[in-house]
Amino acid sequence: MLDAKAIVTIDGPSGAGKSTISRGLAAKLHFTYLDTGAMYRAVGLALERQGIDLADTASLKRCLDEIELTLAPNGDDDVRVLLNGEDVSQAIRTPEMGMVASRVSADPLVREKLTALQRQLGEKGGIVAEGRDMGTVVFPKAASKFFLNASAEERARRRCKQLAEKGQIVDFQEILDQISKRDYDDSRRQLAPLKPADDAIIVDSSSMGPEAVIEFMLASIAKSAR
Ligand code: DC
C-alpha cells in the first residue's frame with residue numbers, strides 16, 4: 001500500500017465534492033486532510049476586514065506578514081481554521097467568501113505566502129491535499145494525483161444542498177453563476193491556474209456518489225503502489 005509519508009493531491013473546480021472526498025480518503029488512509037481553499041478564504045477574510053487594496057503592495061505585504069493561520073482538526077467533521085487565534089471556520093464558508101478567495105488567490109504575494117505554508121504543512125507527508133494547484137505547483141512530486149470534476153449544474157445543485165443544510169438559503173441560478181465565474185477566473189489566471197497535472201487521474205463525479213469516488217481512488221492508489 002501507500003507509503004505513510006506519501007502525498008495525495010485532489011484538485012478540481014469549486015463544488016466538485018473535493019472536501020467530502022478528500023476528508024473521506026484521508027480517513028481511509030489514516031492521513032491528514034489539508035484544505036488549501038480554507039487558507040485562501042481565511043486570507044481573503046483578513047484582507048477584506050482590513051480593507052486592503054491588492055494594488056497597494058506595501059500594505060498587502062504588511063498584512064500578509066501579520067497573518068498567522070492554523071488548521072486544527074475538528075473531530076471527524078470539519079477542519080477548524082484559526083486566523084490569528086480567532087476561529088473563522090464559519091465566517092469563511094459563505095459563497096461571498098468563495099468569490100473573495102478566488103479574487104485574492106490570483107495575487108502573487110498571496111500565493112507565495114500560502115504555497116510556502118502548504119509545503120511546510122506537507123513536509124512530513126501523510127496528507128491528502130485539496131485545492132486547485134496541489135498536483136501542478138505545490139506538490140508536483142505527489143505519489144497520487146487526482147482531478148475531480150462534475151458538470152457546473154450538478155456542482156451548483158450540490159452546493160445549494162450543502163448550504164441549505166447549514167441553514168443558508170440561496171438561489172440556484174446565483175450559485176450557478178458564481179461557480180461559472182470562479183471556474184473561469186481560477187482557470188484563466190496567470191499563476192497556478194486550475195488545471196489537471198499531466199499525470200493526474202481525471203474523475204468525473206457527476207453521476208458518482210462520494211463513496212464510489214473514494215473506492216475508485218483507493219483502487220487507483222493501490223494499483224500505482226504495486
Ligand atoms: O476550494 P474553495 O472553494 O474553498 O477555494 C476558494 C478559492 O480559493 C478558489 O476559488 C480559488 C482559491 N484557491 C486557489 O487558488 N488555490 C488553491 N489551492 C485552493 C483554493
Side-chain angles (χ1 to χ4, degrees), residues 9-25 33 35-49 51-55 77-79 81 83 88-107 110-111 114 130-136 146-196 200 202-214 216-217:
T9 60
I10 303 187
D11 289 307
S14 50
K18 295 192 301 295
S19 302
T20 309
I21 283 154
S22 304
R23 210 180 293 129
L25 187 66
Y33 161 50
D35 180 357
T36 64
M39 298 166 86
Y40 282 97
R41 286 169 183 259
V43 166
L45 181 66
L47 298 180
E48 185 154 274
R49 277 180 176 171
I52 304 287
D53 177 355
L54 293 175
D77 196 18
D78 222 345
V79 178
V81 184
L83 173 62
V88 294
S89 319
Q90 298 283 336
I92 60 170
R93 296 280 171 219
T94 63
E96 292 71 31
M97 283 314 303
M99 299 301 284
V100 171
S102 174
R103 188 172 55 81
V104 304
S105 71
D107 184 274
V110 172
R111 292 213 81 81
L114 291 185
E130 173 217 322
R132 303 291 187 285
D133 60 340
M134 295 298 103
T136 48
F146 296 97
F147 189 87
L148 190 63
N149 214 340
S151 69
E153 285 72 19
E154 178 57 20
R155 288 185 282 131
R157 201 186 58 72
R158 290 180 192 165
R159 189 45 58 95
C160 287
K161 187 165 169 265
Q162 220 175 35
L163 290 167
E165 279 162 8
K166 290 187 189 164
Q168 297 181 41
I169 304 304
V170 288
D171 180 58
F172 173 81
Q173 191 56 47
E174 201 176 312
I175 294 293
L176 180 60
D177 291 347
Q178 285 178 348
I179 279 185
S180 309
K181 171 155 175 46
R182 274 216 274 160
D183 285 357
Y184 186 89
D185 292 345
D186 291 347
S187 42
R188 275 167 186 75
R189 70 179 177 219
Q190 239 180 345
L191 279 172
L194 165 69
K195 65 168 183 192
I202 299 181
V203 186
D204 188 326
S205 74
S206 302
S207 55
M208 265 169 115
E211 288 82 15
V213 174
I214 292 170
F216 171 81
M217 288 180 172

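- Side chain of S89 to main chain of V81: a donor-acceptor pair is present (N/O by atom type, distance under 3.5 Å, no hydrogens or angles).
- The shortest side-chain heavy-atom distance between P13 and Y184 does not fall under the 4.5 Å cut-off.
- Here the CG-CZ distance, from D11 to F146, works out to 11.5 Å after rounding to the nearest 0.5 Å.
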Review point. How far apart are the C-alpha atoms of E211 and I214, what are their side-chain angles, what is the distance that settles it, and do they pass the side chain to side chain contact (heavy atoms under 4.5 Å, CB included) test?
Key: CA-CA 5 Å; E211 288 82 15; I214 292 170; 5.8 Å; no
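- Of all non-hydrogen atoms in M208 and F216, the two that sit nearest each other are CE-CB, 4.2 Å.
- To the nearest 0.5 Å, atoms CZ (R103) and CG (L47) are separated by 8.5 Å.
- Heavy atoms from other residues, nucleotides or ligands lying under 6.0 Å from CD of Q190 number 12 at most.
- For the residue pair R189 and A106, the shortest heavy atom distance occurs at CD-CA, 4.1 Å.
- Contact record, V104 with Y40: CG2-O, 4.0 Å, taken as the closest heavy-atom pair.
- Between the R155 side chain and the A150 main chain, a donor and an acceptor come within less than 3.5 Å of each other.
- No side-chain N or O of R132 forms a donor-acceptor pair with one of S105 less than 3.5 Å apart.
- Here the closest non-hydrogen pair linking A16 and S205 is O-OG, 3.3 Å.
- Note that CE of M97 is 5.5 Å distant from CD of E48, once rounded to the nearest 0.5 Å.
- Judged purely by atom type and a 3.5 angstrom limit, K18 uses its side chain to pair as donor or acceptor with the backbone of G12.
- Atom OH of Y33 sits about 10.5 Å away from atom CD1 of I21, to the nearest 0.5 Å.
- Here the CZ-OG distance, from R159 to S14, works out to 6.0 Å after rounding to the nearest 0.5 Å.
- No donor-acceptor distance shorter than 3.5 angstrom exists from the side chain of D186 to the backbone of L194, with no hydrogens or angles considered.
- Annotation: the span from E174 atom CD to Q178 atom CD amounts to 5.5 Å, rounded to 0.5 Å.
- When each of D177, D183, D185 is tested with K181 by the rule side-chain hydrogen bond (donor to acceptor under 3.5 Å, both in side chains), just one qualifies, namely D185.
- T20 and R158 share no donor-acceptor pair across their side chains, judged by distance under 3.5 Å alone.
- R41 contributes no side-chain N or O that, together with a main-chain N or O of G44, makes up a donor-acceptor pair within less than 3.5 Å.
- For the pair T9 (side chain) and M134 (backbone), a donor-acceptor distance under 3.5 Å is absent.
- Contact between G131 and T36 at its shortest, heavy atoms only, is CA-OG1, 3.3 Å.
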Exercise for review: Test side chain to side chain contact (heavy atoms under 4.5 Å, CB included) on L163 and I175 and set out the steps.
Suggested key: CA-CA 10 Å; L163 290 167; I175 294 293; 4.0 Å; yes
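- Judged by distance alone, the side chain of S180 and the main-chain N or O of L176 form a donor-acceptor pair under 3.5 Å.
- Closest heavy-atom contact between F147 and K195: CE1-C, 3.6 Å.
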